[in-house]
Structures are given as structure tokens and as C-alpha cells.
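Along the sequence shown, residues carry numbers from 1.
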Amino acid sequence: MEQLNAAQVHAALPFQRLVPALRRAFAEGATVPLRHHHDMAHPGHRETTLLLMPAWQDGDKAGVKVVTVAPHNVDRPSIQGIYLLLDLPTGTPELMMDAPALTARRTAAASALAASHLAPGQAETLLMIGTGTLAPLLIEAHASVRPIRRVKLWGRNPDKARALAETLGHLDLTIELVTDLASAAQQADIISVATLSQTPLLKGEWLRPGQHVDLVGAYRPDMREADDEAVRRSQLFVDSREGAMKETGDLAIPLAQGVIQPEDIQATLFDLSRKTHPGRTDPQALTLFKSVGHALEDLAAAREVERHWKEPS
């Protein structure tokens, strides 16, 4: 059984291939049980979390992601794990790969898939809020589905923002570091947010008709990246309803407070990929996609990695 490191996984998943692969996967579907979430006590520190995320396509391939989250780590990443791809009929493990790299690529690709249905067709300006691991991938992914020419980059730490900007030269984009978030938000066609914020960074009063908002962080019910007004004003879309309404504060909190209702979520990536929802039809619509992650995305990405490594060189 081959084992692939992070660099090999990234190399196998260019967005020009991965976004269409996710589109096909959401259109076709798969069996995806609820993920297992176990908080394991670690006396003297925050708990270490174990996540198990299986998915399979009947008679074909199965996969499971095993991830640990150890927030107290100092000398190694806080998120670590593996993805195991198996032949379903025989149960044979076929390929093991770095899970954080796989997760990062598929997460950015899912946002790009949503944007391909929801963002303005001629979107040229992207505001990226956040400077972490996902930020450069989200910029590249959005630029693969829309004619992005300018990127406005905002981060809490100016040094990290400058360092990130220096790594983006290969994308042939104009990168501008910004400090006035309100002004930058008003000028953007697409706003992508990938942070660990527990309080809203993006305010609805800054938004204008015709924009598309992409919320990627806030993976816990007590975390938020956009305020109530941003959510209330927007047409809402998610990757999957089950996770989005429970796992992220961006939707769970306004749902609990009655700001929005479950029926305000218009469609999922399944609906958009199957064309049972038309996506953006009004140029003046304000659309918002909330990503929480789905094991189907992992399986589709892992299968693309497998295809890459089986292709003749």
C-alpha cells in the first residue's frame, strides 16, 4: 500500500481537476454516515479530539478519514491525520495519504464549486479575510472558476499578511494588503473568510447587492465569522443541511435566536450540482455559502489522488 505525503497530495489535486470531480461526486452521491466525534481527556490541557469520517460508493470505493485535533500542540501541527482509501468489494486498503493536505484542497474546491453557481459571472475582485493555511488555496480555487484579477488581503497580523502575499506571485494576480475591512468588503465581488474567530468579522451593513460571501471557518457552534445582518440579508446555501445547521455558529446561533428559519437555507451543493436549484439567477442577489465539510468531498478528492498516481507519466 502506497503512502503519500502532503506535497504529493497537493500535487495530485489541481483545482482545474478537483472542482469538476466534486461537482460529479455531489451529483452522483454516496453513502455518508454521521461522523464520529470523540473528545479525549488530556489532564492539564484542552482535550484532544478524534474525528472519524467514513464514506463509500456501493460496489466501488470506500474511504475513512482519521483526524486528531490537539489545540495545545506547540512543536507540531494541531491538526494531524490520515486518509485511507479502500477497495470496497474486497475490503483491501489501497492508498494512504496525508489528511490535512487532502482536507485543505477539498475545502477550497468546495467553496469554488459553490462560487461557480453563486458568484457573479464577471467577479474580478476577491477579498480574502484570514491568512492561515486555507487562504492561499481559497484564492487559487476561486480564481479557477471566476476571472479574478485583484485580491484584497486582510489579516489580524500584518506580518503574516505580508508573508502570505509574497507567496502568491505565481498566481498572476494583483495583491493588495488592506486594513480597512469595511471599505474592502464594499469593493469586493467575492468575500471569502477563513479564520478561527469566535466573534463576527464580517458585518452585514458593509455588504451590497450582487456580492457572494464564502464562509469557511467557524467550524464549532460557538464560532462566528459573519453577523446576524449578513446572514439575514443573504440567500443562504450550504454543503449539507445536517452539518451546517448544527456545527457552525454562523447558522446555528441565528437559527436558535429566530433571526433565520431552516427553510431560509435555499439549497445544498447536492442541489446545485444536480441542477435542481438554478443557483444565482438575479444579478442583484446577495448570496452566502457556508462550508462545514462533508466526507463525500474527502472521498472524491482521494479518488482523484488515486487517478493521478495511476496515470502513466
Does any N or O in the side chain of D239 come within less than 3.5 Å of the main-chain N or O of S291, such that one atom is a donor and the other an acceptor? no
Among R149, R146, K152, which residue meets the salt bridge (Lys or Arg N to Asp or Glu O under 4.0 Å) test with E124? R149
Count I, L, V, M, F, W, Y as connected when their side-chain heavy atoms are under 4.5 Å apart, and connections chain through other members. Are V216 and L251 then in the same cluster? no
Close side-chain approach of T268 and R241, heavy atoms under 4.5 Å: yes
Non-hydrogen side-chain atoms of I191 and W206 separated by less than 4.5 Å: no
Would you check if W309 and M97 make a side-chain contact, meaning some heavy-atom pair closer than 4.5 Å? no
So, for L299 and G63, which heavy atoms are closest and what is the spacing to 0.1 Å? CD1-N, 4.0 Å
Please lay out, stage by stage, how L202 and L207 fare under the test side-chain contact (heavy atoms from CB on, under 4.5 Å). CA-CA 9 Å; L202 184 65; L207 303 178; 4.2 Å; yes
NZ/NE/NH1/NH2 to OD/OE distance under 4.0 Å, R35 and E242: no
Heavy atoms of other groups near D172 CG, more than 12 under 6.0 Å: no
Can you measure from OG1 (T68) to CE (M40) and round to the nearest 0.5 angstrom? 7.0 Å
Scanning both residues in full, the closest heavy-atom pair of A230 with L288 reads O-CD1, 4.2 Å
Backbone N/O of T199 and side chain of R224: donor-acceptor pair under 3.5 Å: no
Test item: R162 side-chain N/O and A165 main-chain N/O as donor-acceptor pair under 3.5 Å: no
Show the numbers, then the answer: is there a salt bridge (Lys or Arg N to Asp or Glu O under 4.0 Å) between K310 and E306? CA-CA 6 Å; K310 285 186 174 179; E306 180 192 37; 3.2 Å; yes
Over 60° means perpendicular and under 30° means parallel, so classify the ring planes of H72 and H45, tilted if in between. tilted
Can you tell me how far the OG atom of S111 sits from the CG atom of L138, to the nearest 0.5 Å? 5.5 Å
Does the side-chain contact (heavy atoms from CB on, under 4.5 Å) test come out yes or no for T131 and N157, once each step is laid out? CA-CA 8 Å; T131 58; N157 185 323; 5.6 Å; no
Can you check whether F237 and H277 have ring centres sitting under 6.0 Å from each other? yes
In Å, rounded to the nearest 0.5 Å, how long is the span from CD1 of I175 to CG of L126? 8.5 Å
Where is the tightest heavy-atom contact between P254 and G249, given as atom of each residue plus distance? CD-O, 3.4 Å
Side chain to side chain, V66 and L50, heavy atoms closer than 4.5 Å: yes
Residue pair R150 / T125, side-chain donor-acceptor N/O under 3.5 Å: yes
Do the side chain of Q211 and the main chain of A188 share a donor and acceptor less than 3.5 angstrom apart? yes
Above 12 or not: heavy atoms from other molecules or residues under 6.0 Å from CZ of R307? yes
Set out, in order, the CA-CA distance, both residues' side-chain angles and the distance that settles side-chain contact (heavy atoms from CB on, under 4.5 Å) for L181 and L127, then state yes or no. CA-CA 9 Å; L181 199 49; L127 169 60; 4.2 Å; yes
Is there side-chain contact between V292 and V238, with heavy atoms separated by less than 4.5 Å? no
Over all atoms of both residues, closest heavy-atom pair of E28 and Q57: OE1-NE2, 4.0 Å
Heavy-atom pair with the smallest gap, counting every atom of G121 and P147: O-CD, 3.5 Å
Donor-acceptor contact present, side-chain R46 to main-chain T48, <3.5 Å: no
So, does S197 use its side chain to make a donor-acceptor pair with the main chain of P200 at under 3.5 Å? no
So which atom in P120 and which in G210 form the shortest heavy-atom distance, rounded to 0.1 Å? CG-O, 2.9 Å
Does the E140 side chain pair with the main chain of L137, one donor and one acceptor, at a distance under 3.5 Å? no
Taking it one step at a time, do T49 and H37 satisfy side-chain contact (heavy atoms from CB on, under 4.5 Å)? CA-CA 7 Å; T49 300; H37 181 128; 3.5 Å; yes
Single hit among L177, V178, V193 for side chain to side chain contact (heavy atoms under 4.5 Å, CB included) with W154: V178
Output the distance between atom CG (L51) and atom NE2 (H38), rounded to the nearest 0.5 Å. 9.0 Å
Answer yes or no: is there a donor N or O on one side and an acceptor on the other, between the side chain of D250 and the main chain of E225, under 3.5 Å? yes
Common cluster, L52/Y219, ILVMFWY with side-chain heavy-atom separation under 4.5 Å: no
Relative to F15, does R105 satisfy both conditions: NZ or CZ under 6.0 angstrom from the six-membered ring centre, and within 45 degrees of the ring's axis? yes
Got S240 and F26 here, is their nearest side-chain heavy-atom distance under 4.5 Å? no
Under 3.5 Å, is there a donor on one side chain and an acceptor on the other for R156 and T195? no
What distance separates T248 OG1 from D222 CG, expressed to the nearest 0.5 Å? 10.0 Å
To the nearest 0.5 Å, what is the distance between NE2 (H142) and OG (S116)? 10.5 Å
So, does S234 use its side chain to make a donor-acceptor pair with the main chain of V231 at under 3.5 Å? no
Donor-acceptor contact present, side-chain T287 to main-chain Q235, <3.5 Å: no
